[in-house]
Amino acid sequence: MSSFTEEQEALVLKSWDSMKKNAGEWGLKLFLKIFEIAPSAKKLFSFLKDSNVPLEQNAKLKPHAKSVFVMTCEAAVQLRKAGKVVVRDSTLKKLGAAHFKYGVADEHFEVTKFALLETIKEAVPDMWSVDMKNAWGEAFDQLVNGIKTEMK
């Protein structure tokens, strides 16, 4: 099933090791990029609907952004070992149900992938390469496929 190679795993592990101590900061940057690219995506988050504070000061966005970033990165890190997508603190069923409930569409996943790759590039500029971009892209695609399978 998994076309995630040993080389891709090594690139993901190396970059995640460098980013994880600042996962909250990188998670917030990821979401700020998403909202910059697709401002309408804010409507998918109930805790942003009636918020009049700047996004970076929203008390609920920061922990949500960190948990999404950590979950995405941890899912990528274990992909080869498990041979499938595994998520902590949740299940793919719960993630699929939540994404379905809030109306997440393919274009949202595409924007998120682009924003994720840009965030990682910014986080580890000295490590960034086409191979690393492809490794993270493959890991993200497999996570999204797992979520989409459960979106019903």
Side-chain angles (χ1 to χ4, degrees), residues 1-39 41-42 44-45 47-48 55-56 58 60-102 104-152:
M1 174 221 146
S2 181
S3 56
F4 199 62
T5 67
E6 204 171 324
E7 293 76 21
Q8 287 176 314
E9 178 186 49
L11 290 168
V12 165
L13 277 169
K14 183 178 172 190
S15 52
W16 175 231
D17 282 344
S18 175
M19 294 184 289
K20 72 172 120 186
K21 66 185 171 297
N22 295 317
E25 173 193 333
W26 293 115
L28 186 59
K29 284 184 186 247
L30 166 64
F31 273 81
L32 294 176
K33 279 185 201 309
I34 290 168
F35 298 143
E36 184 183 316
I37 298 164
K42 287 181 215 149
L44 298 170
F45 300 89
F47 57 81
L48 294 179
L55 286 171
E56 49 279 341
N58 184 292
K60 291 186 177 166
L61 179 59
K62 284 181 176 183
H64 178 76
K66 180 179 181 176
S67 71
V68 169
F69 189 71
V70 169
M71 182 205 63
T72 301
C73 293
E74 287 182 348
V77 164
Q78 59 67 49
L79 190 56
R80 250 188 100 253
K81 193 176 1 179
K84 63 179 184 186
V85 173
V86 178
V87 292
R88 181 184 68 142
D89 295 340
S90 188
T91 64
L92 284 173
K93 268 195 187 338
K94 281 187 198 166
L95 284 170
H99 283 79
F100 179 78
K101 177 182 168 188
Y102 292 110
V104 176
D106 286 351
E107 54 268 23
H108 298 121
F109 288 117
E110 288 304 313
V111 166
T112 302
K113 180 179 180 178
F114 178 81
L116 177 70
L117 295 175
E118 288 297 305
T119 300
I120 295 168
K121 179 180 176 180
E122 187 182 330
V124 293
D126 51 328
M127 291 182 215
W128 190 250
S129 65
V130 170
D131 288 341
M132 183 173 284
K133 177 182 179 183
N134 292 338
W136 276 104
E138 176 64 27
F140 182 81
D141 289 346
Q142 292 203 29
L143 175 60
V144 167
N145 288 338
I147 291 170
K148 283 181 178 179
T149 299
E150 299 299 337
M151 282 178 71
K152 43 188 173 306

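Side-chain atoms are counted along with the backbone in the values below, which use heavy atoms only and exclude waters and symmetry mates.
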If you look at every heavy atom in [X] and [Y], which pair is closest and at what distance?
X	Y	result
Ala135	Phe4	O-CE1, 3.3 Å
Gly137	Leu117	N-CD2, 3.9 Å
Asp106	Lys148	OD1-NZ, 2.9 Å
Phe69	Met19	CZ-SD, 3.9 Å
Phe31	Ala65	CD1-CB, 3.5 Å
Met151	Val104	CE-O, 3.2 Å

Under the rule for side-chain contact (heavy atoms from CB on, under 4.5 Å), what residues qualify as partners of [X], not counting sequence neighbours?
X	value
Lys60	Phe47, Asn58
Leu32	Leu28, Leu55, Glu56
Glu122	Trp26, Lys29, Lys33
Glu7	Thr5

Checklist entry - Are more than 12 heavy atoms from other residues, nucleotides or ligands located less than 6.0 Å from atom NZ of Lys133? => result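 Open.
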Item to check | Those residues that, when tested against Asn134, pass side-chain hydrogen bond (donor to acceptor under 3.5 Å, both in side chains) (two or more places apart) | outcome: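 Checked Asn134 against side-chain hydrogen bond (donor to acceptor under 3.5 Å, both in side chains); zero matches.
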Item to check | Pairing residues for Lys20 by the side-chain hydrogen bond (donor to acceptor under 3.5 Å, both in side chains) criterion, not counting sequence neighbours | outcome: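 Residues passing side-chain hydrogen bond (donor to acceptor under 3.5 Å, both in side chains) with Lys20: Asp17.
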Item to check | Sequence-distant partners of Asp126, salt bridge (Lys or Arg N to Asp or Glu O under 4.0 Å), two or more places apart | outcome: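 Asp126: no salt bridge (Lys or Arg N to Asp or Glu O under 4.0 Å) contacts found.
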Checklist entry - How would you list, by chain and number, every residue that makes a salt bridge (Lys or Arg N to Asp or Glu O under 4.0 Å) with Glu6, sequence neighbours excluded? => result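 For Glu6, the residues satisfying salt bridge (Lys or Arg N to Asp or Glu O under 4.0 Å) (neighbours in sequence not counted) are Arg80.
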Next on the checklist: Rounded to the nearest 0.5 Å, what separates atom CG in Leu143 from atom SG in Cys73?
Outcome noted: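 If I round to the nearest 0.5 Å, the distance is 10.0 Å.
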Checklist entry - Can you tell me how far the NZ atom of Lys66 sits from the CG atom of Asn22, to the nearest 0.5 Å? => result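 Atom-to-atom, Lys66:NZ and Asn22:CG are 9.5 Å apart.
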Checklist entry - For residues 126-152, which residue pairs qualify under ring-ring contact (aromatic ring centres under 6.0 Å, His included), counting only residues two or more places apart or in two chains? => result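 For residues 126-152, and leaving out neighbouring residues, there are no ring-ring contact (aromatic ring centres under 6.0 Å, His included) pairs at all.
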Item to check | Those residues that, when tested against Phe114, pass ring-ring contact (aromatic ring centres under 6.0 Å, His included) (two or more places apart) | outcome: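 Residues passing ring-ring contact (aromatic ring centres under 6.0 Å, His included) with Phe114: none at all.
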Item to check | Pairing residues for Phe109 by the ring-ring contact (aromatic ring centres under 6.0 Å, His included) criterion, not counting sequence neighbours | outcome: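 With neighbours one apart ignored, the set is His99.
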Next on the checklist: Taking side-chain hydrogen bond (donor to acceptor under 3.5 Å, both in side chains) as the cut-off, I'd like each qualifying pair that reaches into residues 110-121, sequence neighbours left out, listed once.
Outcome noted: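 Every side-chain hydrogen bond (donor to acceptor under 3.5 Å, both in side chains) pair that includes a residue of residues 110-121, provided the two are not neighbours, is Lys113-Asp141.
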Next on the checklist: Can you confirm whether Val111 sits close enough to Phe35 that some side-chain heavy atom of one is under 4.5 Å from a side-chain heavy atom of the other?
Outcome noted: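 No, too far: nothing below the 4.5 Å cut-off.
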